[in-house]
Chemist: 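Could you have a look at this structure, given as structure tokens, before my questions?
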Protein chains: 2
Amino acid sequence: MAKASTKATAQPAPKVDKPKTSATAKPKTRTNDPDRTRANIIEVATHEFSEKGLSGARIDEIAERTQTSKRMIYYYFESKEGLYRAVIENSYRRIRSIEATLDLEHKPPLEALAQHVRFTFDYQLANPDFIRLVMVENIHHGAHVAQFSPEQLDSMGDISTLHSIIKRGIAEGVMRKDIDPVDLHMSISALCFFNVANRHTFSTIFKVDMATPAATAARRESVADTIVRSVTL
Amino acid sequence: MAKASTKATAQPAPKVDKPKTSATAKPKTRTNDPDRTRANIIEVATHEFSEKGLSGARIDEIAERTQTSKRMIYYYFESKEGLYRAVIENSYRRIRSIEATLDLEHKPPLEALAQHVRFTFDYQLANPDFIRLVMVENIHHGAHVAQFSPEQLDSMGDISTLHSIIKRGIAEGVMRKDIDPVDLHMSISALCFFNVANRHTFSTIFKVDMATPAATAARRESVADTIVRSVTL
DNA sequence: CACGCAATGAACGAACTAGTACATGCTAGG
DNA sequence: CCTAGCATGTACTAGTTCGTTCATTGCGTG
């Protein structure tokens, strides 16, 4: 459980150094570090909630796995739901910040689209906690996401990358003119999401191990191909 | 252990064969009717679990909405998990029994495939409880589905309809020869599933109402089209 | 027709769980 | 260096929640 470096999980809090506590301070004394504490709590809670759901997660258990105590959870987040909200918000923010670091602007549109799909596929695969959190949230009818601010929602729903790919595709005459970006995005999300979200029941029922590198690679190409085909003339 | 009867479970349980319980029984006296009681409990529990998850559902609440008491839940299902298992099993059984009542054998392969997709789409849309239950189960890593018998799993994974459509499609030269039926099924499931499972967060983030008839119809066709395109030459 | 077993009900309790009261250490500003 | 207020830890409580105990009623059958 040693989770030392977790610094900027919650926010870019410049907590740099803490010379105060006698530079030579030993682990004996307590060191107040709000940002770190918050970040640590969110990190632990993210995993707990994604693993057991909102009602299944236990505050006491989260507190135990934290470097601090239950008291701090209520001090910073007020309630179990407050913590859950912070977790969801933090997860969405992280996902957003990492996406779109891809350079697709000067590749042929269809190739760019395929790349975009593969990236999405791999990213979701690499972040099962986020996927599970989205499932949990939908079981709750998206009630907490609905509380987000308009700005937050806007940035979460930013699919400008896809827009520009489609635009170029149409301009270059390699894509249908009637593509609905949101509809396309939904298809991409659906295919990538399912791969992570439902892998357990699907693997069990169809007796395949979706987790092997070979199966993953094959599925990744299948999804990319399916999407590319859906936009061509 | 009281695995006594496993016949009529939840559903329009028309109280089929029930010669024993004096057919003329009046509402005044208590009428022992195990099957009906079981079915009633499962019905209520299905909704509760799908709405709140395994840990979120409350046995007391389920009991209240039942025509019987909590005592009966434990009498028939032993535990909360036992009830949950029965609910999952029953749901999968229902889904299976209704599917494949479609006559697709003498339609052109591609048309048959499109129909099959539309049917799946509509069916999942009409059964959100089942979809949500599958989500809940996957959050639990499919641990309970994994306990099903091989026979149960076999019938749940029966995609012979799809197999035969593909077979005809290839024979008639209108489909690719290298289609993997399970892979195709996964794509169909993914696209249909997402439409119900993630509608809340998706609608909120992208500011669209996925529930309108128009949006539903459009999405249905988009999904059918995407799948059909994915198998053509 | 009575007897054993299945089905049912009401109330109870032990364990758990979210949240809090109280006490105290730490850091910064004057 | 001293005080105010933020940060933290400990111990506790009030309210749930699953599951059970004890008792009773209906049903089929010998």
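Every chain is numbered from 1 and lettered A, B, ... according to where its sequence line falls, protein lines coming before strand lines.
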Chemist: When you match A:Arg71 and A:Ile59 each to their closest nucleotide on DNA chain C, which lands nearer the 5' end?
Modeler: A:Ile59
Chemist: Quickly work out the B:Phe77 CZ to D:dT20 C1' distance and round it to whole Å.
Modeler: 18 Å
Chemist: Kindly say whether A:His200 contributes a backbone atom to a donor-acceptor pair with the side chain of A:Ser203 at under 3.5 angstrom?
Modeler: no
Chemist: What integer distance in Å separates B:Leu54:CG from D:dC18:P?
Modeler: 10 Å
Chemist: Ignoring backbone atoms, test whether A:Thr68 places a side-chain nitrogen or oxygen under 4.0 Å from the OP1 or OP2 oxygen of D:dG9.
Modeler: yes
Chemist: Parallel, tilted or perpendicular: which one describes the rings of B:Tyr92 and B:Phe148, with boundaries at 30° and 60°?
Modeler: perpendicular
Chemist: Pick the closest DNA chain C nucleotide for A:Ala57 and for B:Asp60 by heavy atoms, then say which residue is nearer the 5' end.
Modeler: B:Asp60
Chemist: The side chain of A:Lys70 is closest to which nucleotide in this list: C:dA7, C:dC22, C:dA18?
Modeler: C:dA18
Chemist: Using 30° and 60° as the class limits, which term best fits the ring planes of A:Phe119 and A:Tyr123: parallel, tilted or perpendicular?
Modeler: parallel
Chemist: Over how many whole Å does the gap from A:Asp35 atom CG to D:dT8 atom C1' extend?
Modeler: 15 Å
Chemist: Rounded to the nearest Å, what distance is computed from the CG atom of residue A:Asn40 to the P atom of nucleotide D:dA7?
Modeler: 16 Å
Chemist: Output the rounded distance in Å from CD (B:Glu64) to P (D:dT16).
Modeler: 13 Å
Chemist: For a quick test of reading the model: is some side-chain N or O of B:Arg58 closer than 4.0 Å to OP1 or OP2 of D:dC18?
Modeler: yes
Chemist: From CE of A:Met72 over to P of C:dT24, roughly how many Å is that when rounded to an integer?
Modeler: 16 Å
Chemist: Hey, could you give me the CG/CG distance between A:Asn138 and B:Asn198, rounded to the nearest 0.5 Å?
Modeler: 4.5 Å
Chemist: According to a strict under-4.0 Å criterion, is A:Ser79 in side-chain N/O contact with OP1 or OP2 of C:dA18?
Modeler: no
Chemist: Give the rounded distance in Å between these two atoms: CD of A:Gln67 and P of D:dT8.
Modeler: 11 Å
Chemist: Do A:His140 and A:Val145 come close enough that some side-chain heavy atom pair is under 4.5 Å?
Modeler: no
Chemist: To the nearest Å, how far apart are B:Ile73 CD1 and C:dA10 P?
Modeler: 14 Å
Chemist: Can you tell me if the side-chain N/O atoms of A:Tyr75 get under 4.0 Å from OP1 or OP2 in D:dG9?
Modeler: no
Chemist: Which listed nucleotide (D:dT17, C:dA7, D:dT8) is nearest to the side chain of B:Tyr76?
Modeler: C:dA7
Chemist: For a quick test of reading the model: is some side-chain N or O of A:Thr37 closer than 4.0 Å to OP1 or OP2 of D:dA7?
Modeler: no
